[in-house]
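See below for the structure under consideration.
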Amino acid sequence: MGNIRLTKLREEMRRRGIDIYIVPSSDFHESEYVGEYFRAREFLTGFTGSAGTAVVTRDKAGLWTDGRYFIQAAAQLAGSGFDLFRMGEENVPEISDFLKEELPAGGVLGFDGRVVNGAQAEKFREIAGERQGSLSVAEDLLDPIWKDRPPIACPPVWILAGEYSGESAVSKLGRIREKMEEEKADYHMIASLCDIAWILNLRADDIEHVPVFLSFLLISKESAILFVQPDAVGDETAAYLGACGVEVDAYRNVYSAAARLPERASILLNRKYVNYRLISALPESVNVIDREDPSERMKAVKNATELQNTRRAHVKDGVAMTKFMYWLKTNVGKIPMDEYTVGCYLDNLRAQQEHFLDLSFENICACGPNAAMMHYAATRDKKSEIRPEGMLLVDSGGHYLEGTTDITRTFILGPVTAEMKLHFTTVVRCNLALANLRFLYGCGGISMDVVCRKPLWELGLDYKCGTGHGVGHILNVHEGPNGFRYKIVPERRDSGVLEEGMITTDEPGVYLEGKYGIRIENELICVKDEKNEYGQFMRFEPITYCPIDLDGIVPELMNEKEKDWLNAYHAMVREKVSPYLTDEERAWMEVYTREIV
């Protein structure tokens with residue numbers, strides 16, 4: 001029968017004379033995760049991963065995605081009419097190369113200009129120009145096809161109190177205006193939802209597990225306008241914004257407001273976040289200063305209040321995770337278990353913690369071959385039984401009023417092979433090597449990733465993703481500009497210098513298709529160490545408090561320093577978590593955090 005949606009899209013393309021149509025995974029703000037209304041690429045292709053771009057010609061269709069999703073995408077695209085293009089793999093063309101090859105002379109390249117950022121759209125415009133072609137960006141061609149499209153979300157916006165944010169919105173706006181002055185900018189347009197929420201100390205639930213709200217923020221030297229859905233702003237929030245010197249206008253009015261900016265004004269914006277339609281609305285005489293949003297680095301460096309609160313959030317999260325580990329290890333094989341119900345059990349443990357708000361992402365609870373898919377998600381109807389054998393990988397996290405968490409543990413459920421234990425122990429060694437690294441200030445994650453991967457590389461193994469990412473404060477669990485990655489991937493925007501107060505995950509792994517997956521993930525705060533004639537040294541403070549399953553460890557494969565690191569980590573976990581456990585759980589924990597020799 002084929003993909004009816006793909007057929008209908010091609011009909012819409014023919015009506016408008018469009019030769020190639022691009023459907024990205026983004027919303028109007030280049031968000032990593034998007035609300036249901038914006039999941040057009042998923043609607044068209046059937047691929048549910050968070051990252052991917054669909055490209056449709058008159059007779060070809062492709063889906064480009066990264067290594068996190070190769071296994072999942074191959075399965076979900078079967079029979080869809082879309083070919084899978086594995087990004088970064090040998091002999092796989094980039095989207096730009098594919099467009100250059102497929103766009104006919106004088107052809108039309110189309111996309112919804114609101115869901116493609118200005119920087120990317122400019123590259124598309126250049127490709128069309130090389131073929132003496134043009135762009136068509138005024139319409140969303142999926143809209144007439146998607147008859148039961150969900151509405152745009154509009155939950156209420158709420159205020160994050162100062163005891164949790166640590167800095168007022170007025171102060172943050174003042175710091176941003178100082179940066180505007182340095183750049184000689186009259187205005188600053190912000191499209192990044194996480195940045196807007198951070199600046200204004202506001203949160204909402206427009207995107208599942210990402211507490212933000214659809215909005216644009218236009219800041220001038222004396223005023224600020226928040227373009228937001230009016231129904232989302234109640235009286236209390238409106239009064240709060242007024243006290244902060246922020247005017248409220250309708251979400252859709254941002255385009256007309258951009259068109260009314262004074263002639264020859266200067267506007268600071270980030271083309272990688274501001275959509276093409278909005279940039280195109282600016283008067284031609286306006287001078288665009290294309291820089292990263294000043295708030296990106298500001299929010300990545302957590303203040304003292306945010307850091308202290310985040311440590312408290314991790315204690316709560318560690319209690320939930322440790323209770324889960326105890327329950328899992330003592331009950332597997334004794335009661336019925338499957339990936340979905342076990343994941344729900346963990347979700348409920350988190351929800352019992354004080355000030356719990358939401359999961360920070362949909363948990364990944366995967367056993368056997370499913371764990372080899374980095375972003376596998378079990379459902380009520382599609383899950384595997386958990387038996388007392390092999391391993392279970394659980395990647396999960398939560399949002400609390402105090403902060404956001406992200407943790408992965410791989411649990412030994414029963415008999416495992418020598419190969420599994422070798423890989424498990426090696427992943428732990430990788431994690432410990434990075435967590436205990438000392439380095440000179442000025443390094444980015446690209447300087448450190450090799451230290452983490454080295455034990456795996458020595459075995460001829462690797463993993464097709466970064467080693468770690470920054471973590472937002474009650475925002476997106478993935479935050480730049482900090483991260484750990486051995487090579488620069490421009491679209492990931494995670495190669496920044498590591499600053500004191502940044503929080504970054506440390507999550508090496510092994511993923512063997514058709515066999516199993518292993519990951520161990522902790523969060524690290526970047527802190528200052530000694531300063532001497534060579535400069536300022538830095539180190540990391542681990543803030544994830546949950547045992548690493550010693551049933552998977554082969555001590556003989558570790559050197560003395562690595563054993564000391566693991567023992568010190570487990571001593572810290574006991575200190576942080578044991579006061580909140582029952583007597584039975586505490587006795588069990590003593591065994592699972594014992595010193596290894």
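Worth knowing before you read on, the calculation uses all heavy atoms, side chains too, and leaves out hydrogens, waters and symmetry mates. Nothing here was measured: the structure is a model prediction, and the numbers come from that model.
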Side-chain contact, heavy-atom cut-off 4.5 Å: [X] with [Y]?
{"X": "Val315", "Y": "Tyr580", "value": "yes"}
{"X": "Met538", "Y": "Leu437", "value": "no"}
{"X": "Val471", "Y": "Thr310", "value": "no"}
{"X": "Leu84", "Y": "Thr65", "value": "yes"}
{"X": "Glu500", "Y": "Tyr441", "value": "no"}
{"X": "Tyr545", "Y": "Arg311", "value": "yes"}

Would the distance check show the side chain of Thr45 and the main-chain N or O of Phe47 forming a donor-acceptor pair, the cut-off being under 3.5 Å?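 A pair under 3.5 Å: yes.
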Can you check whether Val34's main-chain N or O pairs, donor with acceptor, with Ser31's side chain at less than 3.5 Å?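 Checked: no pair found.
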With no hydrogens and no angle check, do the side chains of [X] and [Y] hold a donor and an acceptor under 3.5 Å apart?
{"X": "Gln76", "Y": "Thr48", "answer": "yes"}
{"X": "Arg350", "Y": "Gln353", "answer": "no"}
{"X": "Tyr592", "Y": "Asp551", "answer": "yes"}
{"X": "Glu590", "Y": "Ser578", "answer": "no"}
{"X": "Asp358", "Y": "His399", "answer": "no"}

For Met589 and Val573, run side chain to side chain contact (heavy atoms under 4.5 Å, CB included): C-alpha distance rounded to whole Å, both residues' side-chain angles, the deciding distance at 0.1 Å, then the answer. CA-CA 9 Å; Met589 189 183 191; Val573 171; 3.3 Å; yes
Please report the shortest heavy-atom distance between [X] and [Y], naming the atom on each side.
{"X": "Asp317", "Y": "Ile407", "value": "OD2-CG2, 3.7 Å"}
{"X": "Val228", "Y": "Phe213", "value": "CG2-CD1, 4.0 Å"}
{"X": "Gly49", "Y": "Gln72", "value": "N-NE2, 3.5 Å"}
{"X": "Pro388", "Y": "Pro415", "value": "O-CD, 3.3 Å"}
{"X": "Ile474", "Y": "Gly403", "value": "CG1-CA, 3.9 Å"}
{"X": "Ile520", "Y": "Asn431", "value": "O-ND2, 3.3 Å"}

Any chance you could measure Ile412, atom CD1, to Met391, atom CE, to the nearest 0.5 Å?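 Rounded to the nearest 0.5 Å, the CD1-CE separation comes to 5.5 Å.
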Quick one, Phe540 with Leu498, criterion side chain to side chain contact (heavy atoms under 4.5 Å, CB included). Give me CA distance, side-chain angles, the key distance, then yes/no. CA-CA 10 Å; Phe540 295 116; Leu498 286 163; 4.1 Å; yes
Check step by step if side chain to side chain contact (heavy atoms under 4.5 Å, CB included) holds for Arg539 and Val527. CA-CA 6 Å; Arg539 61 180 176 83; Val527 299; 3.6 Å; yes
Residue pairs, two or more places apart or on separate chains, that pass salt bridge (charged side-chain N to carboxylate O under 4.0 Å, His left out) and touch residues 412-434: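 Salt bridge (charged side-chain N to carboxylate O under 4.0 Å, His left out) check on residues 412-434 returns Glu419-Lys515, Arg429-Glu562.
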Does any pair with a residue in residues 396-414 pass salt bridge (charged side-chain N to carboxylate O under 4.0 Å, His left out), and if so which ones, sequence neighbours excluded?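 Found Lys316-Glu402.
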Verify salt bridge (Lys or Arg N to Asp or Glu O under 4.0 Å) between Arg586 and Asp583, making sure each step is shown before the conclusion. CA-CA 5 Å; Arg586 196 175 299 113; Asp583 290 342; 2.9 Å; yes
Under 6.0 Å between ring centres: does that hold for Phe484 and Phe439?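 When the ring centroids of Phe484 and Phe439 are compared, they turn out to be at least 6.0 Å apart.
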Tyr463 six-ring face occupied by Arg453 cation (under 6.0 Å, within 45°):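 Yes, Arg453 lies over the aromatic ring of Tyr463.
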Applying salt bridge (charged side-chain N to carboxylate O under 4.0 Å, His left out) between Lys302 and each of Glu479, Glu499, Glu167, report the one that passes.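 Passing option: Glu479.
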Would you call Lys464-Glu89 a salt bridge at under 4.0 Å N-O?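 Answer for the salt bridge query: yes.
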Angle class for the [X]/[Y] ring planes (parallel below 30°, perpendicular above 60°, tilted otherwise)?
{"X": "His355", "Y": "Tyr164", "value": "perpendicular"}
{"X": "Tyr486", "Y": "Trp457", "value": "perpendicular"}
{"X": "His469", "Y": "His478", "value": "perpendicular"}

With side chain to side chain contact (heavy atoms under 4.5 Å, CB included) as the criterion, how do Glu584 and Thr330 come out once you've worked through the C-alpha distance, each side chain's angles and the decisive distance to 0.1 Å? CA-CA 11 Å; Glu584 291 81 4; Thr330 56; over 6 Å; no
Given Tyr69, Tyr33, Phe70, Phe361, the one that forms ring-ring contact (aromatic ring centres under 6.0 Å, His included) with His375: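 So the option named by the test is Tyr69.
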